[in-house]
Amino acid sequence: MPEATRPASITCARCGVEKKVGRTGPIPTYCSASCRAQLSAERAKQDGRYEAGLTRMRQLSAKRRESTARPCPYCGESMTHPRRVQCGADACKRRYYADLQAARSRAIFEATGQWPHRRYAEQQREYGRRQYQERPHWRIRYPERAALVDARRRMRVELASQAEPVVPADVHARDQWTCQLCGLPIDPEVAWPSPMSASVDHIVPLSRGGSHSIINVQSAHLGCNSRKGDKITDQIETIKGS
């Protein structure tokens with residue numbers, strides 16, 4: 001029997017585009033798999049099978065959601081996704097991550113016998129002590145600069161001083177030995193130059209035109225006072241008003 005002649009090209013049964021035919025393999029009917037799939041979808045729509053399949057899939061999805069629905073453990077809203085642990089609201093997310101962190105902390109405490117945040121605080125304090133021992137206060141390292149700074153400050157105090165004297169002990173007693181910048185108590189036993197030692201802070205700095213008076217000073221840790229620098233706090237309106 002004579003062999004059937006193999007065409008050099010075919011015309012797509014859907015879009016009419018001409019496509020070359022290879023030397024081997026079956027002779028295609030469509031130019032691509034996309035055309036074959038689209039033609040099958042069009043025929044399914046014409047027959048009504050497409051809409052029936054979509055309806056059946058929607059029904060199955062609704063039944064599946066109903067079977068897996070459960071309330072959110074934080075707000076009580078219904079959750080249909082099978083892998084959700086909270087509904088996705090911002091408040092529920094924050095509470096979930098807080099519980100997750102608490103569970104991790106408890107696991108670390110059970111394994112090591114120490115809470116991680118306390119261990120971290122102790123590590124930070126040890127690091128600070130080690131740094132201070134290796135590199136002492138700048139006043140100790142640069143005495144000439146410290147003398148110059150003290151002289152300039154004394155001049156500012158003399159120019160800004162009023163008739164009433166400012167006694168640091170009276171300021172600390174008035175503020176009940178509480179830092180007015182961070183709100184933590186001040187230990188009178190801690191000596192300078194520890195960051196937790198007592199110091200007198202000018203609410204309106206002398207460099208900004210503040211006065212060296214009892215109404216313009218407050219108790220503060222030395223570290224808090226240094227971090228504040230010459231910035232003006234929210235209490236400036238009270239000072240100006242009085």
Side-chain angles (χ1 to χ4, degrees), residues 33-34 37-38 41 44-45 49-135 175-190 193-199 201 203 218-238:
S34 175
Q38 290 181 12
K45 286 183 180 180
R49 290 180 288 125
Y50 182 78
E51 295 296 334
L54 285 181
T55 304
R56 186 166 59 255
M57 289 178 60
R58 293 192 187 102
Q59 293 175 354
L60 291 175
S61 299
K63 289 181 180 179
R64 190 179 299 111
R65 286 196 299 268
E66 292 176 359
S67 62
T68 58
R70 61 196 187 284
C72 173
Y74 301 104
C75 65
E77 292 290 334
S78 178
M79 300 185 302
T80 57
H81 198 283
R83 292 194 296 271
R84 269 205 176 277
V85 293
Q86 37 84 21
C87 65
D90 293 339
C92 297
K93 283 183 180 179
R94 288 193 295 269
R95 293 178 62 184
Y96 167 72
Y97 287 120
D99 292 346
L100 190 64
Q101 183 62 36
R104 291 174 179 171
S105 298
R106 283 194 297 270
I108 294 175
F109 175 76
E110 293 175 358
T112 62
Q114 191 175 15
W115 292 102
H117 63 277
R118 294 181 181 176
R119 181 176 59 182
Y120 177 75
E122 291 179 2
Q123 291 174 353
Q124 288 293 97
R125 285 193 291 269
E126 180 61 28
Y127 174 78
R129 287 192 292 267
R130 189 169 62 252
Q131 286 293 102
Y132 178 72
Q133 292 175 1
E134 296 175 357
R135 190 177 185 185
D175 295 338
Q176 299 179 356
W177 289 93
T178 302
C179 179
Q180 302 302 307
L181 297 178
C182 69
L184 297 178
I186 301 174
D187 188 359
E189 302 296 331
V190 179
S194 172
M196 301 303 291
S197 61
S199 69
D201 169 54
I203 301 174
Q218 61 184 355
S219 298
H221 293 117
L222 180 61
C224 298
N225 197 352
S226 301
R227 282 191 295 270
K228 176 194 170 187
D230 61 347
K231 294 187 290 291
I232 301 178
T233 61
D234 297 336
Q235 297 168 325
I236 185 172
E237 299 296 334
T238 305

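For reference, positions follow the sequence shown, starting with 1.
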- Any chance you could measure Tyr74, atom OH, to Cys87, atom SG, to the nearest 0.5 Å? 10.0 Å
- Query: Are Gln218 and Leu181 side-chain neighbours, meaning at least one heavy-atom pair lies under 4.5 Å?
  - Reply: yes
- Any donor-acceptor pair under 3.5 Å linking the side chain of His221 with the backbone of Pro185? yes
- Provide the closest heavy-atom pair for Ser219 versus Ile186 in the form atom of the first, atom of the second, distance. CB-CD1, 4.0 Å
- Query: What is the distance from atom CD of Glu110 to atom OG of Ser105, rounded to the nearest 0.5 Å?
  - Reply: 11.0 Å
- Message: Using the salt bridge (charged side-chain N to carboxylate O under 4.0 Å, His left out) criterion, which residues pair with Arg129? Sequence neighbours excluded.
- Response: Glu126
- Message: Is it true that, when you exclude Arg130 itself, more than 12 heavy atoms of the residues, nucleotides or ligands shown sit nearer than 6.0 Å to its CZ?
- Response: yes
- Exceeds 12 heavy-atom contacts within 6.0 angstrom, atom CD of Gln176: no
- Query: Roughly how far, to the nearest 0.5 Å, is the CG atom of Asn225 from the SG atom of Cys182?
  - Reply: 11.0 Å
- Going from SG on Cys224 to CG on Asp201, what distance comes out if it is rounded to the nearest 0.5 angstrom? 9.5 Å
- Message: So does Gln86 get a backbone contact from the side chain of Lys93, meaning a donor-acceptor N/O pair under 3.5 Å?
- Response: no
- Message: Tell me every residue that passes side-chain contact (heavy atoms from CB on, under 4.5 Å) with Phe109, counting only those two or more places apart in sequence or in another chain.
- Response: Trp115
- Within a radius of less than 6.0 Å around CD of Gln38, do more than 12 heavy atoms belonging to other residues, nucleotides or ligands occur? yes
- Go through the structure and list residues passing side-chain contact (heavy atoms from CB on, under 4.5 Å) with Gln131, not counting sequence neighbours. Tyr127, Glu134
- Message: A side-chain contact here means heavy atoms from C-beta on lying under 4.5 Å apart; do Met196 and Asp187 qualify?
- Response: no
- Query: When you measure from the side chain of Ser197 to the backbone N and O of Val190, does any donor-acceptor pair fall under 3.5 Å?
  - Reply: no
- Item | Value rounded to 0.5 Å, distance of CZ in Arg95 from SG in Cys72 | 8.0 Å
- Message: To the nearest 0.5 Å, what is the distance between CZ on Arg104 and CG on Asp99?
- Response: 12.0 Å
